[in-house]
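Below is one structure, written out as structure tokens, with a few remarks after it.
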Amino acid sequence: MAEQTARQGAYPKREEVTIKFGKGLMEKEPFVSKAGKELVEIKIPNQDPADKRPWASFVVSPKMVHENQFGKGLWMKLPADGVTKVSRSIVEGKDANGRNIWKNESRMVPNTELKEMMEAYKQKDRGSVLSDLSEKRAEMPDAARSASRPHDRVKAASR
């Protein structure tokens with residue numbers, strides 16, 4: 001009976017979340033877990049640039065991670081209704097020699113939230129370079145502004 005329903009495609013289609021990320025976020029070498037499975041660690045960058053804590057990470061099978069068609073990025077699919085264990089190293093205290101004692105803090109994160117965490121860079125405001133430059137010039141005093149534009153000095157000297 002199960003074979004017949006499988007052939008007919010009666011199983012509901014599983015919703016999936018596609019997570020895209022850069023090659024630099026995946027550790028180069030896979031490792032073997034205590035259970036004997038090959039895994040690879042993927043880092044999650046901090047969303048706030050002022051946050052200087054170590055990045056969080058999660059592990060998946062290297063078979064789940066694929067290169068995109070241009071070879072510059074990676075992607076993976078996870079079940080939309082699933083959860084993933086995310087870990088972060090935190091400082092617990094200092095030992096007698098003054099060295100930091102580190103502890104791993106873990107939590108379960110829904111895969112939809114994990115996608116948002118991994119792709120937080122897409123939410124950044126990407127103003128144009130020229131508008132950013134014009135804002136910085138407006139903030140500069142007049143003397144500093146004329147000193148920062150050497151081509152204006154050359155034009156004035158050639159007149």
Side-chain angles (χ1 to χ4, degrees), residues 13-151 153:
K13 185 159 175 96
R14 192 171 102 186
E15 293 287 325
E16 292 181 329
V17 174
T18 303
I19 301 174
K20 298 174 185 176
F21 54 96
K23 282 187 172 183
L25 297 178
M26 186 173 88
E27 291 295 320
K28 304 286 185 231
E29 296 296 320
F31 63 94
V32 179
S33 70
K34 290 178 184 176
K37 292 183 179 179
E38 188 175 21
L39 299 171
V40 68
E41 182 180 23
I42 298 174
K43 300 283 188 179
I44 304 170
N46 294 331
Q47 293 178 358
D48 183 14
D51 187 1
K52 300 300 180 192
R53 296 180 300 167
W55 288 359
S57 64
F58 63 98
V59 295
V60 293
S61 169
K63 294 176 184 173
M64 294 175 68
V65 180
H66 310 283
E67 255 186 35
N68 70 3
Q69 66 186 28
F70 304 110
K72 301 223 183 236
L74 301 171
W75 62 274
M76 60 189 261
K77 287 192 176 192
L78 295 173
D81 58 348
V83 293
T84 302
K85 184 178 181 180
V86 174
S87 300
R88 179 190 301 263
S89 295
I90 59 170
V91 176
E92 191 175 61
K94 295 198 179 267
D95 64 3
N97 297 335
R99 290 191 221 155
N100 290 338
I101 300 172
W102 293 90
K103 173 183 143 186
N104 274 342
E105 175 184 76
S106 299
R107 63 188 175 109
M108 299 305 280
V109 176
N111 290 339
T112 52
E113 186 180 327
L114 182 65
K115 176 184 173 76
E116 292 172 12
M117 291 168 62
M118 290 293 293
E119 297 180 357
Y121 67 91
K122 292 180 179 179
Q123 306 304 323
K124 287 184 183 177
D125 181 33
R126 296 182 181 252
S128 72
V129 174
L130 291 176
S131 67
D132 291 346
L133 184 61
S134 63
E135 289 172 9
K136 287 182 182 180
R137 279 201 179 137
E139 294 171 3
M140 292 174 61
D142 290 333
R145 190 177 312 140
S146 63
S148 69
R149 295 171 49 176
H151 62 279
R153 284 183 277 155

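Here, residue 1 is the first one in the sequence, and each next residue gets the next number.
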Apply side-chain contact (heavy atoms from CB on, under 4.5 Å) to residues Ile42 and Val65 and explain how you reach the verdict.
CA-CA 10 Å; Ile42 298 174; Val65 180; 4.0 Å; yes
Check step by step if side-chain contact (heavy atoms from CB on, under 4.5 Å) holds for Leu74 and Leu25.
CA-CA 9 Å; Leu74 301 171; Leu25 297 178; over 6 Å; no
Walk me through it: do Met117 and Phe58 pass the test side-chain contact (heavy atoms from CB on, under 4.5 Å)?
CA-CA 12 Å; Met117 291 168 62; Phe58 63 98; over 6 Å; no
side-chain contact (heavy atoms from CB on, under 4.5 Å) between Met76 and Phe21: does it pass, once the steps are laid out?
CA-CA 9 Å; Met76 60 189 261; Phe21 54 96; 3.8 Å; yes
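Sorted by first and then second residue, the salt bridge (Lys or Arg N to Asp or Glu O under 4.0 Å) pairs involving residues 59-74 (not counting sequence neighbours) are Lys23-Glu67.
Residues Trp55 and Asn46 come closest through the heavy atom pair CD1-ND2, 3.4 Å. The heavy-atom pair separating Val59 from Phe31 by the smallest distance is CG1-CZ, 3.7 Å. For Leu78 against Leu114, the heavy-atom pair with the smallest separation is CD1-CD2, 3.8 Å.
At distances below 3.5 Å, at least one donor-acceptor pair connects side-chain atoms of Glu119 with backbone N or O atoms of Lys20.
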Would you list the atom pairs, donor with acceptor, under 3.5 Å between side chains in residues 96-108 and any protein atom, with sequence neighbours excluded?
from	atom 1	to	atom 2	distance (Å)
Asn100	OD1	Lys94	NZ	2.9
Asn104	OD1	Ser89	OG	3.1
Ser106	OG	Ser87	OG	2.9

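Interatomic distance, CE of Met64 versus CG of Leu39, reported as 10.5 Å (0.5 Å rounding). Distance check, rounded to the nearest 0.5 Å: CD of Glu92 to CG of Asp95 gives 11.5 Å. To the nearest 0.5 Å, atom OG1 of residue Thr84 and atom CD of residue Glu113 are 10.5 Å apart.
Annotation: side chain of Glu38 is in contact with side chain of Pro62 (closest heavy-atom distance under 4.5 Å).
In the displayed structure, Glu15 atom CD is contacted under 6.0 Å by at most 12 heavy atoms of other residues, nucleotides or ligands.
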